[in-house]
There are 2 protein chains.
Amino acid sequence: MNCLSNKICTPEEAAELIQHQEVVGVSGFTLSGYPKLVPKALAKKAERLHQAGIPFAITLYSGASTGESCDGLLALANAVSERAPYQSNATLRKKINEGTIRYLDEHLGLMGVKIREGSLRAPTTVIIEASHISEDGKIYLSTSGGNSVAFLERAENVIIELNSRYGEKFIGLHDTFIPDLTPGASPIPLRFSSDRAGKDYIQIAPEKIKAVVLSDAYDEVKPFTQPDSIAIKIAEQILDFISYEIKKGKLHEGLAYQSGVGNVANAVLTAMANNPSQAPVSLFTEVIQEACLPLLKTDKLKVASGTALTLSPIAQDEFIQNIDSWKKHFVLRQQEVSNSAEVIRRVGVISMNTALECDIFGNVNSSHVCGTSMMNGIGGAADFARNARLGFFMTPSTAKDGAISSIVPLVSHVDHTEHDTMIFVTEQGLADLRGLSAEQKAKVIIQNCAHPDYREELLEILERGLKTAKGRHIPLDLSSAFKFHQRFLETGSMKS
Amino acid sequence: MNCLSNKICTPEEAAELIQHQEVVGVSGFTLSGYPKLVPKALAKKAERLHQAGIPFAITLYSGASTGESCDGLLALANAVSERAPYQSNATLRKKINEGTIRYLDEHLGLMGVKIREGSLRAPTTVIIEASHISEDGKIYLSTSGGNSVAFLERAENVIIELNSRYGEKFIGLHDTFIPDLTPGASPIPLRFSSDRAGKDYIQIAPEKIKAVVLSDAYDEVKPFTQPDSIAIKIAEQILDFISYEIKKGKLHEGLAYQSGVGNVANAVLTAMANNPSQAPVSLFTEVIQEACLPLLKTDKLKVASGTALTLSPIAQDEFIQNIDSWKKHFVLRQQEVSNSAEVIRRVGVISMNTALECDIFGNVNSSHVCGTSMMNGIGGAADFARNARLGFFMTPSTAKDGAISSIVPLVSHVDHTEHDTMIFVTEQGLADLRGLSAEQKAKVIIQNCAHPDYREELLEILERGLKTAKGRHIPLDLSSAFKFHQRFLETGSMKS
């Protein structure tokens, strides 16, 4: 480690390498595998400069959301001018919605492609959390794949946060393959969740490494909570429906599962783990969540393929303790591959993603409250929903103690069009939209998924659409389209 | 032809084989390669039964739109209860918008997959226009690929319209490969527009063929018209932009072109043909339109891969006369392959599709007038736009003599979300949306693409959004969202 050891420095020294207005790429995806020490030092540097009247802000690109030490502190220090492609931090979100941080809300599976193709700006500096590095420039990632390969390919300056928590034990966890973008390149050589196509490290020119910062920080993931009764009710319906479809011969057995982040996806995996007759499953997903550990421990997990391993600190410790026997069950990929249309379709995936709101005609909003306020972002939901064999969007039928209906006349922002959605599920029931016309969809969504408190008004709006719409193909009453949202903005409740 | 010749019958006799409430699949895509005689006879049968008070209506599934002899006459005879996945016929459209025909508006690239997977109902009878058939059940298609393989795989009864216009000369034009849907199947073995992966015929059990009807009908395609000045202006900007991106190193050379149906796409191909320094191009598209013939004749067409060869009768004759020397430049595929996400991305495609309206935040409506009236359908636009390397949506900035602005505050129906769109072009100018925030997109779309008559009001609406929206990430003024559409419905013009 002679050469690299000369590059070991403090987070503050590393932060000095980053200039105002730089595009900085960081490792990390959904609170896992992001740098924690250098961003913190960078936030302090920004505050110091701002106090001296000197401007300092960066464009921050990542895999997906990072934790408080990165997104939170940098946003708080006004050190971010532009952010992409996803976030979930309260401070950052506030500034995006105030209009002080520009935000590019990108499909997670295409962000790296756009960087490599040149349609988004390439990072000049990257900060990568690594589990291990070698003198000749081999970088072994930590708990996420993200866009690290794409960023490292383009950036000139590399800062490594070497996290001793993982070390050499993590070697072999990743598959860092990304597809060649030359027109007419070969197919992505992956057919099953367990397949590997590349190396377990990223090779870069060692002279690109400008600083190495030593770390032992945990990923700042909140403790796993048991699913509530609404989530359990939604999960049960999803699992029943899948069994029924397989029994009818309408669904292949052995499809892999993609479960979005959140309560309901956890409830599905938990229910599988608790079911003694559940056959072992494969996950081909984006975020491997803590709920997959009970599956693993009950011998029901064949393999979990994803781009992030998002575990609470207690589970991080458990994972590291058991890594020798557990490693063979996990593959961490670059998000261009975990979320690739080609691979998702070929592997064969049942997708389960959370909707913020659904409309009666089958469109889904997964990102914007009342059409204007960014929640987190579209994330990878569309990568999966568009290419899944069977796709669920799920949400409790109401939010804010019933003041918000998750089923609305028209979604205030479309992330997934009526062409891309198949099944809606709330705790009220399930609506299978496949093969239905717009009018049929509206009836079944209102009847099966809407909360009884909102059902009548939704039916009235549909009836008005059927009577007054210029065309009856989509019997939408334009004047009532955002009635629920406008009432909520005026009165604090969507209820009439 | 002993066995098959016994099955030769009149269109009327063939129509007798089709029962009330059957799901009938037909060959054909965008007015090419669809059956013409049996549907006409079926329409007459329906009229006769209706006069006798006997109900008769079928579910009609196809590749895409068919001509007057099929979609038109069947709709006029009230012989269709449900239609999928695309149409462009005035009579059929009227009934869809009256609510008397259920219409499933599906991504064209996924229709066959859904039939094969069982999430849409499978046809029991199919009517296929063929150029040639063999005693042992080899079917050689005519001018379109469509969903014929998927339909023939599932249906029990097959009616052939054997069109003598094409005959054995058409052998070799098609590649009938469709991917295996078993989870973990092999990649689709196609890398370039010219690659072939399957046979040039479809093999079925010969006993499935219940009737053979002899035909010499032309595809009912309107004569090719030279592009107007607005289309030429839009096309010039697209070609200039592509050259500029290649020069800047931001776009690979040698990408294939996908051109949607219509005036502007024709103008692009025509401009290429008229440009003496244009290098030969490949098309990887859905519909191979007549405008590719001038490219071919000026030695600028390497290969055109598509699922339909849509030529006017004069050009059909010309194509057949020259088929021996021209055939090597064409591949007709099943639409599951021509529109496959995997293949589009790998081949590397520049997509050009027509928008009905675009909004200032980057969403595109390609199907519904005022959010309710079906025009044609989403078609294959999303298959291509979502997976293209560079994607254009183009439209004249106004319609109906200026009474309609194609740039609106919010589209009344979303077919392509802001996440899936890259470049908007009108005759006013071009907006490159890549890497822009919602507010930045709005400014550039209004400034570059909107017609001057609407620019001021669009800016006012944006300003109001920036002042009043709950969140500024998407500065949408909900109360003005459909102002243009509502004014149009009330006054006949979007102008204030």
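Throughout, protein chains are lettered first and strands after them, A, B, ... in sequence-line order, and every chain is numbered starting at 1. Note that the coordinates shown come from a computational prediction; the quantities given were computed from them, not determined experimentally.
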Open item on the list: Can you tell me which of A/H413, A/H485, A/K114 forms the most heavy-atom pairs within a distance under 4.5 Å of chain B?
Closed with: A/H413
Task: Closest non-hydrogen atom pair, B/H252 against A/L181 - done: NE2-O, 3.4 Å
Open item on the list: Less than 4.5 Å to any heavy atom of chain A: does that hold for the side chain of B/D180, its backbone, both, or neither?
Closed with: neither
- [ ] Using non-hydrogen atoms and a 4.5 Å limit, figure out which bit of B/V343 sits close to chain A: side chain, backbone, both or neither.
- [x] neither
Task: Residues in residues 361-374 of chain A that sit under 4.5 Å from chain B, counting heavy atoms only - done: A/H368, A/V369, A/C370, A/G371, A/T372, A/S373, A/M374
Open item on the list: Determine whether a donor-acceptor pair (N or O, by modelled atom type, separation under 3.5 Å) exists between the side chain of B/H419 and the backbone of A/D105.
Closed with: yes
TODO: Answer whether the closest heavy-atom distance between the side chains of A/H107 and B/D420 falls below 4.5 Å.
DONE: yes
- [ ] Heavy-atom distances under 4.5 Å only: say whether B/A84 touches chain A with side chain, backbone, both or neither.
- [x] neither
- [ ] Name the member of B/V349, B/N387, B/T182 that forms the most heavy-atom pairs with chain A at distances under 4.5 Å.
- [x] B/T182
Open item on the list: Quick check for you: among B/G465, B/A438, B/A341, B/S186, which has the greatest number of heavy-atom pairs under 4.5 Å with chain A?
Closed with: B/S186
Open item on the list: For B/L110, which atoms come within 4.5 Å of any heavy atom of chain A: side chain, backbone, both, or neither?
Closed with: side chain
Task: Contacting moiety of B/L489, where chain A heavy atoms sit under 4.5 Å - done: side chain
Task: Minimum-distance pair of heavy atoms, taken over all atoms of B/I188 and A/P187 - done: O-CG, 4.2 Å
- [ ] For each of A/L476, A/L390, A/L251, tally heavy-atom pairs with chain B at distances under 4.5 Å, and name the one with the top tally.
- [x] A/L476
Open item on the list: So if I apply the salt bridge (Lys or Arg N to Asp or Glu O under 4.0 Å) rule between A/E117 and each of B/K250, B/R389, B/K248, which one comes out positive?
Closed with: B/R389
Open item on the list: Does any backbone or side-chain atom of B/I96 lie under 4.5 Å from a heavy atom of chain A? Answer side chain, backbone, both or neither.
Closed with: both
Open item on the list: If we define contacts as heavy-atom pairs under 4.5 Å, which of B/R121, B/E106, B/R345 has the most with chain A?
Closed with: B/R345
Open item on the list: At a 4.5 Å cut-off on heavy atoms, which part of B/E418 comes close to chain A: side chain, backbone, both, or neither?
Closed with: side chain
Task: Side chain, backbone, both or neither of B/T100 within contact of chain A (heavy atoms, under 4.5 Å) - done: neither
Open item on the list: Does any backbone or side-chain atom of A/V113 lie under 4.5 Å from a heavy atom of chain B? Answer side chain, backbone, both or neither.
Closed with: side chain
- [ ] Below 4.5 Å from any heavy atom of chain A, which atoms of B/E439 appear? Answer side chain, backbone, both or neither.
- [x] neither
Open item on the list: Taking every non-hydrogen pair under 4.5 Å, which of A/E82, A/K94, A/K470, A/R434 racks up the most with chain B?
Closed with: A/K470
Open item on the list: As an exercise: rank A/G348, A/G435, A/G254 by heavy-atom pairs under 4.5 Å with chain B and give me the winner.
Closed with: A/G435
Task: Side chain to side chain, B/T417 and A/D415, heavy atoms closer than 4.5 Å - done: no
- [ ] Below 4.5 Å from any heavy atom of chain B, which atoms of A/A185 appear? Answer side chain, backbone, both or neither.
- [x] backbone
- [ ] Answer whether the closest heavy-atom distance between the side chains of A/F482 and B/L410 falls below 4.5 Å.
- [x] yes
Open item on the list: For a 4.5 angstrom cut-off between non-hydrogen side-chain atoms, does A/R346 reach B/E342?
Closed with: yes
- [ ] Identify the heavy atoms of A/L104 and B/S437 that sit nearest to each other, and give their distance.
- [x] CD2-N, 3.7 Å
Open item on the list: Between A/R191 and B/G184 (side chain of the first, backbone of the second, donor and acceptor by atom type, cut-off under 3.5 Å), is there such a pair?
Closed with: yes
TODO: Mind ranking B/G99, B/S119, B/A469 by heavy-atom pairs under 4.5 Å with chain A and telling me who comes out on top?
DONE: B/S119
Open item on the list: Could you check whether any side-chain heavy atom of A/D383 comes within less than 4.5 Å of a side-chain heavy atom of B/R386, counting everything from C-beta outward?
Closed with: yes
Task: Closest-packed option against chain B by number of heavy-atom pairs under 4.5 Å, given A/V347, A/L120, A/I378 - done: A/I378
- [ ] State, with a plain yes or no, whether a side-chain heavy atom of A/L478 is found less than 4.5 Å away from one of B/Q486.
- [x] yes
Task: Heavy-atom contact with chain B under 4.5 Å, split by part of A/S340 - done: neither
